[in-house]
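Report on the structure given below.
In what follows, chains carry the letters A, B, and so on, assigned in the order in which the sequence lines appear, proteins first and then strands, with residues in each chain numbered from 1. What you see is a predicted model, and the numbers here were worked out from it, not measured in a lab.
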2 protein chains.
Amino acid sequence: MASEHDTDRRTARISAPSTASQARDTLRDAILRGEYLPGERLVEAQLCERLQASRFNVRAALQDLAAEGLVEVQRNRGAQVRKVSMAEAVEITEVRMVVEGLIAARAAERVTPDQATELDEIAVLMRRAVEAGEYRRYSDLNVRLHALVREIAGHQTADRIVETLRGQLVRHQYMLSLLPGRPQMSLPQHERIIAAIRDHDAKVAEAAMREHIASVIEALRSMDYLGPA
Amino acid sequence: MASEHDTDRRTARISAPSTASQARDTLRDAILRGEYLPGERLVEAQLCERLQASRFNVRAALQDLAAEGLVEVQRNRGAQVRKVSMAEAVEITEVRMVVEGLIAARAAERVTPDQATELDEIAVLMRRAVEAGEYRRYSDLNVRLHALVREIAGHQTADRIVETLRGQLVRHQYMLSLLPGRPQMSLPQHERIIAAIRDHDAKVAEAAMREHIASVIEALRSMDYLGPA
DNA sequence: GCTTACAAGATTGTCAACAATTACCTCCAC
DNA sequence: GTGGAGGTAATTGTTGACAATCTTGTAAGC
């Protein structure tokens with residue numbers, strides 16, 4: 001998870017191939033995009049062609065993603081996309097609940113007037129999207145809201161952890177968004193979060209965020225999870 | 001300087017063929033033990049000798065520890081022990097506060113009578129240690145208490161994160177334990193945590209744990225932290 | 001005296017070949 | 001037909017060498 005910014009020098013070098021991190025990012029995107037299913041084996045030789053990288057870099061990428069919890073590597077048995085069980089998904093979301101609660105609280109303490117305006121704009125757009133039944137748009141706004149709250153909070157450590165946790169259950173979250181009635185339930189929760197942050201009320205903001213994600217956990221539990229492939 | 005106890009095998013081989021994970025664990029211990037100071041460069045060739053491992057494995061170990069946040073690797077510039085600033089230490093402890101709060105709450109829900117007894121035993125020993133001024137013993141009991149609470153909670157995801165966060169600021173925590181008056185302040189906090197878990201009161205357990213770690217954050221802030229090298 | 005250019009050394013990045021392990025399939029005995 | 005032994009193919013683990021990059025020390029130019 002090492003941040004890289006190697007195009008900083010004035011040497012206007014065009015190609016900074018940096019194949020190692022490139023391979024990692026490409027593979028992560030592929031997994032998050034669902035091109036490799038949980039439990040699927042990730043054969044190094046195949047990935048070499050897919051990513052146009054050497055085996056060395058493929059291996060490094062797999063190791064990195066293993067550290068992120070996206071893939072699982074067993075000695076002498078290769079790597080496979082990590083299967084996240086229902087119980088694990090709940091655990092992950094529980095941790096996300098408390099950490100995002102912390103983020104919301106800190107956002108409430110540090111929000112600027114401009115940022116408050118931006119939050120209110122998102123609230124308006126969200127309500128419109130739900131009223132118009134545009135759930136895809138609502139989902140996008142949801143992502144944008146959480147990202148903005150994290151930006152306001154400016155809590156790098158919490159950010160990193162939430163990002164890692166989110167990655168581990170993209171698949172589950174996708175299924176979640178298909179649950180009927182979710183937008184109607186989550187809209188008022190989002191509005192409470194926004195209002196609390198705008199009012200600089202850290203305690204209420206944290207409680208609202210936790211309540212929101214707690215209801216996500218409930219929804220997760222309610223899903224009939226189809227067993228392993 | 002090899003403080004390894006690998007003389008268990010009768011094969012009188014002097015140099016154990018350090019595998020990848022072995023090299024990683026040894027290096028992590030060395031860093032946590034303080035044998036490499038924050039900011040110190042970790043040259044691969046040197047580590048090869050120190051760990052009796054090939055450069056390949058050393059490199060893998062460095063990458064792993066970078067993912068854990070113990071070292072920092074920059075492209076073409078090698079690795080160095082990560083320097084955790086004061087602000088970062090506070091951030092890390094803030095996240096630890098909420099996650100350990102979650103763990104405490106879950107421990108309160110799942111604690112068995114046997115485990116409750118064990119908790120009470122620790123409470124008694126802690127009080128005795130403080131009264132006798134045996135602060136080193138108290139510190140050990142503190143570690144044991146937090147470990148037991150985590151074991152009771154059985155929350156793998158939260159466990160992993162707390163473990164990672166702890167590792168990132170061992171150095172700071174060591175300085176913390178030297179602060180005068182800490183045991184007298186933290187003892188009642190610990191007792192409240194134990195009581196709440198024993199009584200199956202999740203909310204109080206979480207609040208008590210958070211209050212406890214919040215006071216750690218205060219202590220952190222109060223330390224006159226010597227600036228960057 | 002100071003800055004810049006350049007060269008030598010040190011360190012890391014990458015690769016392709018080789019060794020070790022595992023998975024799979026065939027064949028044979030019962 | 002079933003279970004096991006053995007061999008073959010596929011896959012991963014490891015090594016050493018070489019290339020790219022950065023750092024350091026030195027000397028020339030202003």
Side-chain angles (χ1 to χ4, degrees), chain A residues 1-27 30-31 36-37 39-67 70-83 228-229, chain B residues 9 11 13 15-27 30-31 36-37 39-67 70-83 229:
Chain A
M1 234 175 288
S3 60
E4 297 213 359
H5 28 249
D6 30 19
T7 54
D8 45 358
R9 295 297 156 83
R10 55 192 167 178
T11 58
R13 197 141 16 132
I14 299 175
S15 67
S18 177
T19 34
S21 55
Q22 230 172 358
R24 183 193 55 203
D25 293 341
T26 306
L27 180 54
I31 293 174
Y36 294 100
L37 281 76
E40 188 170 345
R41 282 194 64 185
L42 297 170
V43 179
E44 295 180 2
Q46 293 173 1
L47 294 176
C48 288
E49 264 199 60
R50 171 81 167 73
L51 304 174
Q52 291 292 326
S54 68
R55 237 190 94 201
F56 180 89
N57 288 327
V58 166
R59 181 172 270 268
L62 286 174
Q63 215 175 340
D64 277 5
L65 295 183
L70 259 74
V71 310
E72 215 168 4
V73 292
Q74 291 172 297
R75 187 181 169 79
N76 287 323
R77 288 195 190 176
Q80 57 181 46
V81 181
R82 188 173 155 221
K83 268 189 286 195
Chain B
R9 300 290 162 82
T11 58
R13 188 132 33 118
S15 63
S18 207
T19 165
S21 56
Q22 236 173 347
R24 183 192 56 204
D25 293 342
T26 306
L27 180 55
I31 293 175
Y36 293 100
L37 281 77
E40 187 170 347
R41 283 193 66 186
L42 298 170
V43 180
E44 296 181 1
Q46 293 173 3
L47 294 177
C48 287
E49 264 198 61
R50 171 79 166 74
L51 306 174
Q52 290 294 325
S54 66
R55 234 189 98 201
F56 181 88
N57 287 329
V58 166
R59 180 172 269 268
L62 286 174
Q63 218 173 340
D64 277 5
L65 296 183
L70 258 74
V71 311
E72 214 167 5
V73 292
Q74 290 174 301
R75 188 181 167 78
N76 288 323
R77 286 194 195 177
Q80 57 181 47
V81 181
R82 189 173 153 219
K83 267 188 286 195

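The side chain of A:Arg41 approaches D:dT11 more closely than any other nucleotide in the set D:dG13, D:dT21, D:dT11. Taking every side-chain heavy atom of A:Arg75 into account, D:dG13 is the closest of C:dT12, D:dG13, D:dT12. Taking every side-chain heavy atom of B:Phe56 into account, D:dT14 is the closest of D:dT14, D:dC22, D:dT12. Between C:dG13, D:dT15, D:dG13, one nucleotide has an atom nearer to the side chain of B:Asn57 than all others, and that is D:dT15.
Put simply, the side chain of B:Gln63 does not reach to within 4.5 Å of the side chain of B:Val73, judged on heavy atoms. Residues A:Thr26 and A:Gln52 have side chains not in contact (no heavy-atom distance under 4.5 Å, counting atoms from C-beta outward).
Summarising the geometry, atom CG belonging to A:Asn57 is positioned 9.5 Å from atom CG belonging to A:Leu51; distances are rounded to the nearest 0.5 Å. Atom CZ of residue B:Arg77 and atom CZ of residue B:Arg41 lie 9.5 Å apart, to the nearest 0.5 angstrom. Distance check, rounded to the nearest 0.5 Å: CZ of A:Arg82 to CG of A:Leu42 gives 14.0 Å.
The distance between atom CD of B:Gln22 and atom P of D:dT14, rounded to the nearest whole Å, is 11 Å. Taking atom CD of residue A:Glu40 and atom P of nucleotide D:dT11, one finds them 13 Å apart after rounding to whole Å. Following rounding to the nearest Å, A:Gln74 (CD) and D:dT11 (C1') show an atom-to-atom distance of 14 Å. For A:Glu44 and C:dT21, the CD to P distance is 17 Å, given to the nearest whole Å. For the pair B:Leu42 CG and C:dT12 P, the interatomic distance rounds to 9 Å; values are reported in whole Å. At whole-Å resolution of the value, CD in A:Gln63 and P in D:dT14 are 11 Å apart. Separating the CG atom of B:Asn76 from the C1' atom of C:dA10 is a distance of 13 Å, rounded to the nearest angstrom.
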Stepwise side chain to side chain contact (heavy atoms under 4.5 Å, CB included) check, B:Leu62 with B:Leu47: CA-CA 10 Å; B:Leu62 286 174; B:Leu47 294 177; 4.0 Å; yes

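Side-chain N/O atoms of B:Arg77 include none lying less than 4.0 angstrom from OP1 or OP2 on C:dT11.
By the side chain to side chain donor-acceptor pair (under 3.5 Å) test, A:Arg59 pairs with A:Glu44, sequence neighbours left out.
Residues from residues 47-55 of chain A that place a heavy atom under 4.0 Å from any atom of DNA chain C, listed by number: A:Ser54.
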